[in-house]
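Letters A, B, ... are given to chains in the order of the sequence lines, protein chains preceding strands, and every chain is numbered from 1.
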Amino acid sequence: MLDLKRLQKDFDSVVEKLKKKSVKDEVLKELKRLFIALKEKRSELEELQSEQNKKSKLFPIYLKEKKDISTLKKELEENKQKIASKQKIVKELEGELEEYALSVPNIPDDEVPEGKDENDNIEIKRVLEPREFDFEPKEHWELGERLEWIDFERGVKLAKSRFSVLKNGAAKLERALINYMLDFNSKRGFDEVCVPYIVNKESMLSTGQLPKFADDLFKIEGEELYLIPTAEVPLTNLYRDEILKEEQLPILMTGYTACFRKEAGSAGKDTRGMIRQHQFDKVELVSITKPEDSDEIFDKMVECASDLLTSLELPHRLVMLCGGDLGFGATKTVDLEVWLPGQGKYREISSVSNTRDFQARRAKIRYKDGKKNRLVHTLNGSSLAVGRTLIAIMENYQQKDGTIEIPEVLKNYL
RNA sequence: GGACAGGUGGGUGAGCUGGCUGAAACCACAUCCCUGCUAAGGAUGCGUACUGGCAACGGUACCGAGGGUUCGAAUCCCUCCCUGUCCGCCA
């Protein structure tokens, strides 16, 4: 959530910065108006309540002194009505304000390039040269079907489209990758955590999936519970409504979970293969830091993901997302794109974002800075999407005869 | 899922025959005093959010959540959630 005080104070600069995310200034104007109106009404309400409290205290005194209480009682009753109606106004304003405030995205950093979609993203650097093939490299689905590693039809039979089944080498590789990644991250100082795949509404609100992106989530019927679209949600929410000690920070976590996404807006995209599934495995990194440390931790997380790819000898590049491609809660995001020789393209395999205090404000995650409570910064990034890593290994390590070599570092894991 | 018991400040835990309780006491924590030794004693402070004020210091709300009764509720009533124990079920 935006800092509404900042919106009130630096209105023009916030409007300017949010243009990168194409937020209309009318929305911000309305938000500011509601914020100011609410403050005013709230202070009027508090004045009435203060009066009521003072007079209420007279009540037992009057009784003791056997004074007539009928006038006092009448006053109190009248004031009570005033409070009730004022309260109604305040509640309405609060509701409206919340609706607006929760739907406005985070403010991009100054270094974030302008642009409207992925075509305007900026490549930062490339790591490792793509391998030269002396044959036509195949796409992963072809390799997968031929090796009986991936069964697309039966995935659909079990659930629906965009589900698949891993068998044989793929199943083993999937498991090996998860273990390898968790170990890799642990060595970099990220503590391994194992969390629920189902979370409540509050958790989804805190990290920003709700209220705006309900269509992307699988909801449990009859309950206010959702399947997680990423481990970022439970990992970040671990500390929701808590005030942390300064010594606890930074908190660096890594965790494996399955992830579930409806892919509502992706009709027709990546329908072939395993790139875009409703259920996929991911090892995630989440950090909770003091504000002044978050840029450093951000770089550490990007480096961790990039080094992981390098250790698997997978060619990739780092891309700075432009404003239009930036996620709802992010101030800055670096994507890692892995080279897929079958497709002849770099494809997203990891995404590291700094949300600064955006999620922390919603989730009320703070820390004691001396006497004061300050909001922390939260960061999240895929270590790597496991399924896409599997694909990348298949395509990059394929041999002329259609078999797949195994990356050196994974050999101990199989 | 059934029965009973509970949910109070960082922790333990009083209050729960409605007003003097935003909340005793103890522990933990912080600062200070005393003491020279690996201890103890004493003083003060110590919830959160919003809000007024340069500040000192005030105001409002919050005793699991949401409603209700009342001039007034942590205290009474209703609904929900959660925890504990026993039973049932199960990896």
Side-chain angles (χ1 to χ4, degrees), chain A residues 1-9 31-98 100-102 194-206 210 219-226 234 237-249 251 257-258 288 357-376:
Chain A
M1 198 167 81
L2 284 187
D3 182 353
L4 293 175
K5 280 185 203 161
R6 180 175 164 196
L7 180 73
Q8 190 187 356
K9 262 199 336 231
L31 193 54
K32 183 181 169 184
R33 202 212 93 219
L34 285 167
F35 180 61
I36 293 169
L38 175 61
K39 268 171 97 164
E40 191 186 307
K41 295 293 169 195
R42 200 178 260 159
S43 99
E44 286 171 18
L45 170 65
E46 284 180 6
E47 208 163 302
L48 289 171
Q49 285 172 321
S50 176
E51 198 182 317
Q52 187 79 345
N53 287 344
K54 272 184 206 138
K55 283 192 179 160
S56 272
K57 286 194 176 123
L58 293 175
F59 208 89
I61 297 172
Y62 275 35
L63 282 177
K64 208 185 261 173
E65 294 174 355
K66 299 207 157 66
K67 279 195 197 165
D68 178 35
I69 54 165
S70 59
T71 330
L72 181 63
K73 189 164 173 177
K74 207 172 157 196
E75 276 176 22
L76 283 162
E77 269 164 7
E78 278 170 16
N79 202 31
K80 193 183 169 186
Q81 296 309 315
K82 281 195 219 161
I83 289 176
S85 65
K86 191 71 79 180
Q87 218 150 25
K88 208 178 146 203
I89 294 170
V90 168
K91 269 199 177 165
E92 274 167 17
L93 279 170
E94 275 172 349
E96 269 183 86
L97 181 72
E98 191 183 87
Y100 270 89
L102 290 178
C194 195
V195 288
Y197 297 0
I198 295 176
V199 299
N200 55 30
K201 197 177 173 182
E202 290 72 35
S203 298
M204 289 294 189
L205 278 169
S206 295
L210 290 177
K219 185 167 191 274
I220 310 277
E221 192 175 335
E223 311 214 41
E224 285 294 355
L225 294 171
Y226 303 81
N237 273 280
L238 239 26
Y239 296 96
R240 169 155 51 87
D241 289 322
E242 293 194 24
I243 298 170
L244 303 164
K245 294 197 183 94
E246 194 174 351
E247 313 87 79
Q248 281 178 273
L249 301 175
I251 295 172
T257 70
I288 296 177
D357 61 11
F358 187 83
Q359 292 178 331
R361 183 172 294 107
R362 291 170 163 237
K364 298 191 180 65
I365 308 175
R366 293 151 293 173
Y367 77 101
K368 277 259 185 248
D369 183 20
K371 272 274 184 198
K372 275 231 181 294
N373 295 324
R374 290 174 70 198
L375 292 169
V376 298

Practice item. Sort out for me which residue in A:Gln87, A:Lys86, A:Lys80 forms a side-chain contact (heavy atoms from CB on, under 4.5 Å) with A:Ile83. Key: A:Gln87

Review point. Using a cut-off of 4.0 Å on non-hydrogen atoms, how would the nucleic acid contact of A:Gln52 be classed: base, sugar-phosphate, or nothing?
Key: sugar-phosphate

Review point. Which residue lies toward the 5' end of RNA chain B, A:Ile243 or A:Glu51, if each is placed at its nearest nucleotide?
Key: A:Ile243

Exercise for review: To the nearest 0.5 Å, tell me how far A:Arg362 CZ sits from A:Leu375 CG.
Suggested key: 13.0 Å

Check your understanding: Taking atom C1' of B:A65 as reference, at what distance in whole Å does atom CG of A:Asp241 sit?
Key -> 13 Å

Practice item. Take A:Ser203 and A:Asn200 through the test side-chain hydrogen bond (donor to acceptor under 3.5 Å, both in side chains) and record every step on the way to the result. Key: CA-CA 6 Å; A:Ser203 298; A:Asn200 55 30; 3.0 Å; yes

Revision key, fill the gap. In whole angstroms, the gap separating P of B:G52 from CG of A:Leu45 amounts to 15 Å

Exercise for review: Classify the nucleic acid contact of A:Lys41 as base, sugar-phosphate or nothing, counting any heavy atom under 4.0 Å across all strands shown.
Suggested key: nothing

Practice item. Please measure how far the P atom in B:C50 lies from the corresponding atom in B:A40, and state the result in whole Å. Key: 39 Å

Practice item. Among B:U70, B:U48, B:G19, find the nucleotide with the atom closest to the side chain of A:Ser56. Key: B:G19

Check your understanding: Roughly how far apart, to the nearest Å, are B:U69 and B:G88 at atom P?
Key -> 44 Å

**Study point:** Candidates B:C71, B:G19, B:U60 - which lies nearest the side chain of A:Lys80
**Key:** B:C71

Review point. Paired with B:C4: which nucleotide, if any, by Watson-Crick or G-U wobble criteria at under 3.5 Å for both distances?
Key: B:G84

Study note, to complete from the structure: note: A:Ile36, atom CD1; B:U51, atom P; distance rounded to Å ~ 12 Å

**Study point:** Integer angstrom distance from the C1' of B:C32 to that of B:U70
**Key:** 48 Å

Check your understanding: Does B:G36 have a Watson-Crick or wobble partner in any strand here, with both distances under 3.5 angstrom, and which is it?
Key -> none

Practice item. Map A:Lys57 and A:Arg42 onto RNA chain B by nearest heavy atom, then report which one ends up closer to the 5' terminus. Key: A:Lys57

Check your understanding: For B:A55, which nucleotide in any strand shown is its Watson-Crick or wobble partner with both distances under 3.5 Å?
Key -> none

Check your understanding: Rounded to whole angstrom units, what separation is found between the CG atom of A:Leu97 and the C1' atom of B:C50?
Key -> 13 Å

Review point. Does the side chain of A:Asn373 get closer than 4.0 angstrom to OP1 or OP2 of B:U48 through an N or O atom?
Key: yes

Practice item. In whole angstrom, give me the gap between the C1' atoms of B:C26 and B:A14. Key: 11 Å

Review point. Once you round it to whole Å, what is the distance between P of B:C80 and CD of A:Glu223?
Key: 15 Å

Point to revise | Gap in Å between the two C1' atoms, one belonging to B:G15 and one to B:A25, rounded | key: 12 Å

**Study point:** Nearest-angstrom distance, P atom, B:G47 to B:A30
**Key:** 16 Å

Check your understanding: If we call it a pair only when both distances are under 3.5 Å in a Watson-Crick or G-U wobble match, what pairs with B:U31?
Key -> B:A43

Review point. Is A:Lys364 touching bases, backbone alone, or none of the nucleic acid, heavy atoms closer than 4.0 Å?
Key: nothing

Exercise for review: Please state how far atom NZ in A:Lys39 lies from atom C1' in B:G59, giving the value in whole angstrom units.
Suggested key: 15 Å

Practice item. For the pair A:Glu247 and A:Lys245, find out whether any cationic side-chain nitrogen is under 4.0 Å from an anionic carboxylate oxygen. Key: no

Review point. In the strands shown, is B:C26 matched to any nucleotide by a Watson-Crick or G-U wobble pair with both distances under 3.5 Å, and which?
Key: B:G11

Check your understanding: B:U60 phosphate, OP1 or OP2: any side-chain N/O from A:Ser50 under 4.0 angstrom?
Key -> yes

Revision key, fill the gap. Winner on side-chain proximity to A:Glu46, out of B:C71, B:U51, B:G59, is B:G59

Check your understanding: Out of B:G19, B:C71, B:U51, which nucleotide sits closest to the side chain of A:Lys5?
Key -> B:U51

Check your understanding: For A:Glu223, does its backbone N or O pair with a side-chain atom of A:Lys219 as donor and acceptor, under 3.5 Å?
Key -> yes

**Study point:** A:Thr257 OG1 to A:Ile198 CD1 distance, which is reported to the nearest 0.5 Å
**Key:** 12.0 Å

Practice item. Could you tell me which nucleotide pairs with B:C20 by Watson-Crick or G-U wobble geometry, both distances under 3.5 Å, or answer none if nothing does? Key: none

**Study point:** Gap between atoms NZ and P, on A:Lys86 and B:G59 respectively (whole Å)
**Key:** 21 Å

Revision key, fill the gap. Separation between CD (A:Glu98) and CG (A:Leu205), nearest 0.5 Å, reads 7.5 Å

Check your understanding: Rounding to a whole Å, what distance do you find between A:Gln49:CD and B:U51:P?
Key -> 15 Å

Check your understanding: Which listed nucleotide (B:U48, B:C50, B:G19) is nearest to the side chain of A:Lys368?
Key -> B:U48

Point to revise | Integer angstrom distance from the P of B:A74 to that of B:G66 | key: 13 Å

Exercise for review: Look at A:Asn79 and B:C71 and indicate whether a side-chain polar atom (N or O) is within less than 4.0 Å of OP1 or OP2.
Suggested key: no

Point to revise | Salt bridge A:Glu202-A:Arg240, side-chain N to carboxylate O under 4.0 Å | key: no

Exercise for review: Please measure how far the C1' atom in B:C34 lies from the corresponding atom in B:U44, and state the result in whole Å.
Suggested key: 15 Å

Practice item. May I ask you to evaluate whether A:Arg366 reaches the phosphate of B:U48, defined as a side-chain N or O under 4.0 Å from OP1 or OP2? Key: no

Exercise for review: Hunt down the Watson-Crick or G-U wobble partner of B:A74, both distances under 3.5 Å, from any strand shown, or write none.
Suggested key: none

Point to revise | For B:C90, the Watson-Crick or wobble counterpart (both distances under 3.5 Å) | key: none

